[in-house]
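Convention: sequence-line order gives letters A, B, ...; per-chain numbering from 1. The basis for the numbers below is simple: all heavy atoms, side chains too, and nothing from hydrogens, waters or symmetry mates. All values derive from a computational prediction rather than experimental measurement.
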Number of protein chains: 2
Amino acid sequence: MSAPEVPVRRQTRQRTAVLTLLDQLDGFRTAQDLHALLRERGDAVGLATVYRALQALVDDGLVDVLRGEDGEAAYRRCSPVHHHHLVCRSCGLTVEVADPPVERWAARVAAEHGFADVQHQLEVFGTCGRCTPAQR
Amino acid sequence: MSAPEVPVRRQTRQRTAVLTLLDQLDGFRTAQDLHALLRERGDAVGLATVYRALQALVDDGLVDVLRGEDGEAAYRRCSPVHHHHLVCRSCGLTVEVADPPVERWAARVAAEHGFADVQHQLEVFGTCGRCTPAQR
DNA sequence: GACCCGTGTGAGAATGGTTCTCATGACCAG
DNA sequence: CTGGTCATGAGAACCATTCTCACACGGGTC
């Protein structure tokens with residue numbers, strides 16, 4: 001069919017600012033958070049632009065997106081290879097984890113039921129070592 | 001501590017209607033969908049009530065909730081035992097699947113990183129056998 | 001069966017995250 | 001330097017979900 005249509009990503013102060021900020025942060029942050037942080041820094045960027053930049057980064061595979069229980073999207077700078085996340089419910093600390101067994105399991109189970117073109121999403125939530133003592 | 005506070009779930013026409021409808025449906029449906037379906041049936045229920053009924057059902061473990069990529073919540077009548085879903089992207093057909101290996105994997109990986117009180121969410125998406133030929 | 005109280009209901013308003021609109025401004029190839 | 005294209009931003013629009021509050025009703029009790 002036609003070319004993959006690469007829409008010529010321009011480099012602007014705003015997009016650089018968003019990516020730079022994400023590089024300096026550890027856990028998942030919402031777009032609203034990032035917008036507020038940029039404003040605090042004096043590196044003001046419009047809210048709509050933050051959303052657009054994040055979408056572009058997600059499309060390029062530079063950033064991962066996660067939906068919280070309330071449906072709000074959270075973003076994080078991530079490695080481009082396939083992986084999953086181990087997220088601390090308390091402090092937001094995130095560890096990237098790979099898992100060949102799960103990949104295989106998902107593919108096998110899907111095949112058994114006649115499913116093709118399989119994708120999966122897996123996230124693990126818990127309380128990290130630093131936050132556990134504080135609990136209770 | 002205090003009693004678990006079980007808030008006396010009353011049986012009303014509306015709640016019965018929501019649960020009955022879910023029993024007759026296969027895949028995940030949004031609250032808006034369910035509301036529209038009930039109205040078509042002549043079994044009209046207020047939108048706010050649909051949301052309240054669904055929340056109660058989720059709390060009771062009778063219904064599972066899933067967040068789509070757009071953040072909209074989708075609900076489905078499900079068995080109360082722990083399981084994951086194999087969902088068809090095209091027709092919404094859903095299969096419940098259990099997976100002891102993944103449970104163990106998640107627990108082990110979390111422990112290795114010092115995480116406690118672990119939960120995980122895993123969903124597999126694909127195209128079911130009936131929908132695959134239609135694609136492309 | 002009649003009564004009561006606490007809970008459920010529903011219409012509409014409010015909320016809040018995300019996307020759209022459109023006039024203006026910035027990037028960059030030529 | 002210039003032009004055209006894409007990006008920006010303020011605010012409006014959108015839409016799922018939740019809140020408000022007056023009223024209805026379920027289901028014990030007598």
Quiz item: Can you name the side chain to side chain contact (heavy atoms under 4.5 Å, CB included) partners of B:E96, sequence neighbours left out?
Solution: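 Partners of B:E96 under the side chain to side chain contact (heavy atoms under 4.5 Å, CB included) test: B:R76, B:C78, B:S79, B:H83, B:H85.
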Going by side-chain heavy atoms closer than 4.5 Å, which hydrophobic residues are tied to [X], directly or by a chain of links?
| X | result |
| --- | --- |
| B:F125 | B:F28, B:L66, B:V87 |
| A:V50 | A:V18, A:L19, A:L21, A:L22, A:L25, A:L34, A:L37, A:L38, A:V45, A:L54, A:L57, A:V58, A:L62, A:V63, A:V65, A:Y75 |
| B:L122 | A:L86, A:L93, A:V95, A:V97, A:V102, A:W105, A:V109, A:F115, A:V118, A:L122, A:V124, B:L86, B:L93, B:V95, B:V97, B:V102, B:W105, B:V109, B:F115, B:V118, B:V124 |

Practice problem: Any salt bridge (charged side-chain N to carboxylate O under 4.0 Å, His left out) involving residues 20-36 of chain A? Give me the pairs, sequence neighbours left out, ordered by first then second residue. | Solution: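 Residue pairs with at least one partner in residues 20-36 of chain A: A:D23-A:R77.
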Practice problem: Can you run down the salt bridge (charged side-chain N to carboxylate O under 4.0 Å, His left out) pairs that involve residues 38-59 of chain B, sequence neighbours left out, and say none if there aren't any? | Solution: B:R13-B:D43
Quiz item: D:dT18 C1' sits how many Å from A:E72 CD, rounded?
Solution: 15 Å
Practice problem: Starting from P on D:dT18, measure out to CG on B:L54 and report it in whole angstrom. | Solution: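 Going from B:L54 (CG) to D:dT18 (P), I get 10 Å.
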Quiz item: Can you list the residues that meet the salt bridge (charged side-chain N to carboxylate O under 4.0 Å, His left out) rule with A:E112, with sequence neighbours excluded?
Solution: A:R108
Practice problem: Give, ordered by number, those residues of residues 15-42 of chain B having at least one heavy-atom distance below 4.0 Å to an atom of DNA chain C; if nothing qualifies, reply none. | Solution: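 Here the set is B:R15.
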Practice problem: Note down the inter-axis angle between the two ends of the helix from C:dG1-D:dC30 to C:dG30-D:dC1, five pairs each, to the nearest 10°. | Solution: 30°
Practice problem: For B:H113, enumerate each residue passing the ring pair (Phe, Tyr, Trp, His ring centres under 6.0 Å) test, keeping only those at least two apart in sequence or located in another chain. | Solution: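 Partners of B:H113 by the ring pair (Phe, Tyr, Trp, His ring centres under 6.0 Å) criterion come out as none, since no residue qualifies.
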Quiz item: In chain order, what residues pass the ring pair (Phe, Tyr, Trp, His ring centres under 6.0 Å) check against B:H120, with sequence neighbours excluded?
Solution: B:H82, B:H84
Quiz prompt | Side chain B:R89, main chain A:D117, donor-acceptor under 3.5 Å | solution = yes
Quiz item: Would you say A:Q14 reaches D:dA7's phosphate, i.e. side-chain N/O to OP1/OP2 under 4.0 Å?
Solution: no
Quiz item: Within the pair A:T49 and D:dG9, is there a side-chain N or O less than 4.0 Å away from OP1 or OP2?
Solution: yes
Nucleotides 19-30 of chain C: which of its N/O atoms have a protein N/O under 3.5 Å away?
from, atom 1, to, atom 2, distance (Å)
C:dT19, OP1, A:Q55, NE2, 3.3

